K.L.:
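Dropping the structure in here first, questions after.
Chain letters run A, B, ... following the sequence lines, proteins first and then strands; every chain starts at 1. Since the structure is predicted, the reported quantities are computational estimates derived from the model, not experimental observations.
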Amino acid sequence: MTIQRTQHITTAIPFVNASPHIGHALELVITDALARNARQRGVDVRCQTGTDDNSLKNALAAEQRGIPTAELVRHHADEFDALGGALGFARDDFIRTSSDPRHAPAVLALWRRCERAGDIYRRTYEGLYCVGCEHFVTEDELLDGRCPEHARPPEHVSEENYFFRLSRYQQPLLGLIDRGAMRIEPPERRVETRAFIAAGLRDLSISRSRTRARGWGIEVPGDPEQIIYVWFDALTNYISALGWPDEEGDYRRYWCEPAGPTHVIGKGVLRFHAVYWPAILLSAGLPPPRAILSHGYVTAEGRKVGKSLGNAIDPAELVRRYPVDSLRYFLLRHIHTTRDGDFACERLVRAHNSELADQLGNLLQRVTTLIVRHRGGRVPAPHGSTAAEDALAEAATSAVAEVAEGFDRFALHEAAAAVFRLVAAANRYADSAEPWRLAKQPDEQSATRLDTVLYHLAEALRIVAGLALPFTPGSAARIAARIGLDEAALAWGALRWGLLPTGSPVHGGEVLFPKLEA
RNA sequence: GCCGAUGUAGCUCAGUUGGUUAGAGCGAGCGUUUCAUACGCGCUAGGUCCGUGAUUCGAAUUCACGCAUCGGCACCA
């Protein structure tokens, strides 16, 4: 009996005051690729995303447009969910923090747990508040004593809030990081987080006056005049969707297991996930996340994207215009997983045409055509191997190892590159073995040699499909289908050279990646 | 200002603990094949490895300083 590993993989939940942008698409695709690779490797994965409905920004955006906040939130949340669907994001759950009945009870329960631990207390918060900005400003942000944005002096506001004793968790958090119990990737983000914690932690305000929160959000238990700070609320989604505070079921299965929870986030929200969230969990006596993976930001055609900046590149439009796998492939291979990158349609088209179409699609086409034409559409049995076959097998074995390592290191761009090194090796093998020439020879030796070459080419295609699965799932399945296999043949454990069954039915078919117009 | 990074061929990036002529993919040029989506394959193109100084027999790889870009510096996802 084998122990089933489990893993809870999540995206951050974006606030939904506007439509999604290309950065959200990147996060979805990265998370989905990780989840698919884990599933492929036999992990019982639960992949979750959702929306942060309770942000003040949502309320402000709704106010500005003169529509009810709930309506605005529902509208944009639908867009986010639809984007995930269009991108092939295979989610197990989608949680909306304002309307999902599982959420608020969990937030309240978590609050109570922290309270019982003695980590929540009331204190007066004083600060300069800019009514124009709708938030607190610091002295050094001011220009001549005025808010630079609104050219008005801020008001001195004093407000009683609830605070979380974050200061208590400095050592425990450092311990988590140093022991490797909470992994933060890439390494520079771990260093950054560690330095932030080591510099000393101040207690965190975790509520807002009802007025300041526009009456939108979850009430502090027992104090209807205070609304729970949106981060405390939003972070809870990771366990509320698992049914917590019910400590059995999905919570036990996916949160408490050793492989544990993995949060994929944008670098801008690192602190909330790597400092506040684990501290809250420790306070409540719950296990902290096991891994926090921080990706970079995407510019669109060189320009910043952001909800307030408008969408230079609308991801929903991109999915309509380009094949979804091409978009996924571009985002995963040509944008560095943890650094900032730029999205440009021209580069996407170039990657599609030269790599997906010319290298991979064409390989599929040439191999299937040869097998259909010369072996009646059945994968022939190989007869031994020469140095050329051994080299191809070696390339495949290396590629499998490199892809696995790329996923483990959270370097998906490198993993994707490794897939295409195998594609190139297969094309080179075809050129040097020249099966089309063997097919014209009447002798028996050539015929058996042709069997061997075609088998190895088909086997290379199978491995390629398996490795490409997390990046381009639809296309991987189509490649597998063309050589008579289903997805089971692409499981990680099956990606060992030589497991392709002889006699598999091979089909010709439509071009996998039709060229795109520049 | 402080802390942490990044800066390598037109573009996107690799470059382990310092060691022979600095690499890959894409793009570009040339050649070649025909099974294939005029695709593939081969060759070539030549980049002061941001700059300056230092350590060393020897540095893209160590140190210092400078320049440029980015992130963080606490409650504005």
K.L.:
Classify the ring geometry of A:Tyr238 against A:His273: parallel below 30°, tilted from 30° to 60°, perpendicular beyond 60°.
P.N.:
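Plane angle between 30° and 60°, so tilted.
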K.L.:
Does A:Arg421 reach a base, just sugar-phosphate, or nothing at all? Heavy atoms under 4.0 Å.
P.N.:
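No contact.
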K.L.:
Does one side chain, of A:Asn54 or A:Asp233, offer a donor that lies under 3.5 Å from an acceptor on the other?
P.N.:
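On atom types as modelled, these side chains qualify, holding a pair under 3.5 Å.
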K.L.:
Would you classify A:Ile206 as touching base, sugar-phosphate or nothing, given that sugar-phosphate means primed atoms plus P, OP1 and OP2, and contacts are heavy atoms under 4.0 Å?
P.N.:
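Result for A:Ile206 = nothing.
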K.L.:
Between A:His413 (NE2) and B:C11 (C1'), how many Å, whole number?
P.N.:
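These atoms are roughly 15 Å apart.
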K.L.:
Does a side-chain N or O from A:Lys515 land closer than 4.0 Å to OP1 or OP2 of B:C39, or not?
P.N.:
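Checking B:C39 against A:Lys515, a side-chain N or O does come within under 4.0 Å of OP1 or OP2.
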K.L.:
What is the distance, rounded to the nearest whole Å, between atom NE2 of A:His334 and atom P of B:C13?
P.N.:
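Spelled out: NE2 on A:His334 to P on B:C13 is 11 Å.
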K.L.:
With ring centroids as reference points, do A:Tyr322 and A:His352 lie under 6.0 angstrom apart?
P.N.:
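Ring centres of A:His352 and A:Tyr322 not closer than 6.0 Å.
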K.L.:
Between A:Glu27 (side chain only) and A:Ala12 (backbone N and O only), is there a donor and an acceptor less than 3.5 Å apart?
P.N.:
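Checking the backbone N and O of A:Ala12 against the side chain of A:Glu27, a donor-acceptor pair under 3.5 Å is found.
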K.L.:
Just checking A:Tyr229: base, sugar-phosphate only, or nothing, at a heavy-atom cut-off of under 4.0 Å?
P.N.:
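Sugar-phosphate contact only - A:Tyr229 comes under 4.0 Å of backbone atoms but never of a base.
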K.L.:
Contact class for A:Ser354 (heavy atom, under 4.0 Å): base, sugar-phosphate, or nothing?
P.N.:
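Touches sugar-phosphate only.
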K.L.:
So, A:Asn237 and A:Thr97: side-chain donor and acceptor under 3.5 Å apart, yes or no?
P.N.:
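No.
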K.L.:
Grab the CD-P distance between A:Glu414 and B:G23 for me, whole Å please.
P.N.:
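So the two atoms are 19 Å apart, to the nearest Å.
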K.L.:
For A:His336 and A:Phe272, take the nucleotide of RNA chain B holding the closest heavy atom to each; which residue's nucleotide lies nearer the 5' end?
P.N.:
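This one resolves to A:His336.
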K.L.:
Please state how far atom NZ in A:Lys57 lies from atom P in B:C76, giving the value in whole angstrom units.
P.N.:
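Nearest whole value for this atom pair: 9 Å.
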K.L.:
Quick one: A:His374 NE2 to B:C35 P, roughly how many Å, whole number?
P.N.:
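Distance check: A:His374 NE2 to B:C35 P gives 8 Å.
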K.L.:
Considering every strand and a 4.0 Å limit on heavy-atom distances, what is the contact class for A:Ala234: base, sugar-phosphate, or nothing?
P.N.:
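Touches a base.
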K.L.:
Whole-Å distance between B:A24 P and A:Arg428 CZ?
P.N.:
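Going from A:Arg428 (CZ) to B:A24 (P), I get 12 Å.
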K.L.:
A:Ile265 near the nucleic acid: base, sugar-phosphate alone, or nothing, with a heavy-atom cut-off under 4.0 Å?
P.N.:
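No contact at all - A:Ile265 keeps every heavy atom at 4.0 Å or more from the nucleic acid.
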K.L.:
Name the nucleic acid region contacted by A:Gly296, choosing base, sugar-phosphate or nothing; use a 4.0 angstrom heavy-atom cut-off, strictly under.
P.N.:
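Answer is nothing: A:Gly296 stays at 4.0 Å or more from every strand.
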K.L.:
Within this structure, what is the CD1-to-P distance between A:Ile177 and B:G4, rounded to whole angstrom?
P.N.:
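In whole Å, B:G4 P lies 16 Å from A:Ile177 CD1.
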K.L.:
So what does A:Arg189 hit on the nucleic acid, given a heavy-atom distance under 4.0 Å: a base, only sugar-phosphate, or nothing?
P.N.:
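Sugar-phosphate contact only.
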K.L.:
When we call it a touch if two heavy atoms are under 4.0 Å apart, what does A:Val230 touch: a base, just sugar-phosphate, or nothing?
P.N.:
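Base contact - A:Val230 has a heavy atom under 4.0 Å of at least one base atom.
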K.L.:
By nearest heavy atom, map A:Arg409 and A:Glu434 onto RNA chain B; which one lands nearer the 5' end?
P.N.:
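The 5'-side residue here is A:Arg409.
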K.L.:
Taking any heavy-atom pair under 4.0 Å as a contact, classify A:Leu201: base, sugar-phosphate, or nothing.
P.N.:
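Here A:Leu201 touches the bases of the nucleic acid.
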K.L.:
Looking at every strand, decide which applies to A:Ala417 at a 4.0 Å heavy-atom threshold: base, sugar-phosphate, or nothing.
P.N.:
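Nothing, no nucleic acid heavy atom in range.
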K.L.:
Quick one: label A:Glu355 by what it contacts on the DNA or RNA (base, sugar-phosphate, nothing), any heavy atom closer than 4.0 Å.
P.N.:
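Sugar-phosphate contact only.
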K.L.:
Figure out the CG/C1' separation between A:Asn353 and B:C26, and round it to whole Å.
P.N.:
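After rounding, the reported distance stands at 12 Å.
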K.L.:
Under 30°, 30 to 60°, or over 60°: which ring-plane class applies to A:Phe272 and A:Trp231, parallel, tilted or perpendicular?
P.N.:
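Ring orientation of A:Phe272 relative to A:Trp231: parallel.
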K.L.:
On a whole-Å scale, what distance lies between the P atoms belonging to B:U33 and B:A14?
P.N.:
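Result for the P pair: 38 Å, nearest Å.
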K.L.:
Would you classify A:Val269 as touching base, sugar-phosphate or nothing, given that sugar-phosphate means primed atoms plus P, OP1 and OP2, and contacts are heavy atoms under 4.0 Å?
P.N.:
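Sugar-phosphate contact only.
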K.L.:
Does A:Arg333 place a side-chain N or O at less than 4.0 Å from the phosphate oxygens OP1/OP2 of B:C26?
P.N.:
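Answer no for this pair, as no side-chain N or O of A:Arg333 is under 4.0 Å from OP1 or OP2.
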K.L.:
At less than 4.0 Å, is any side-chain N or O atom of A:Gln359 found next to OP1 or OP2 of B:G25? Yes or no.
P.N.:
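Answer is no, no contact under 4.0 Å.
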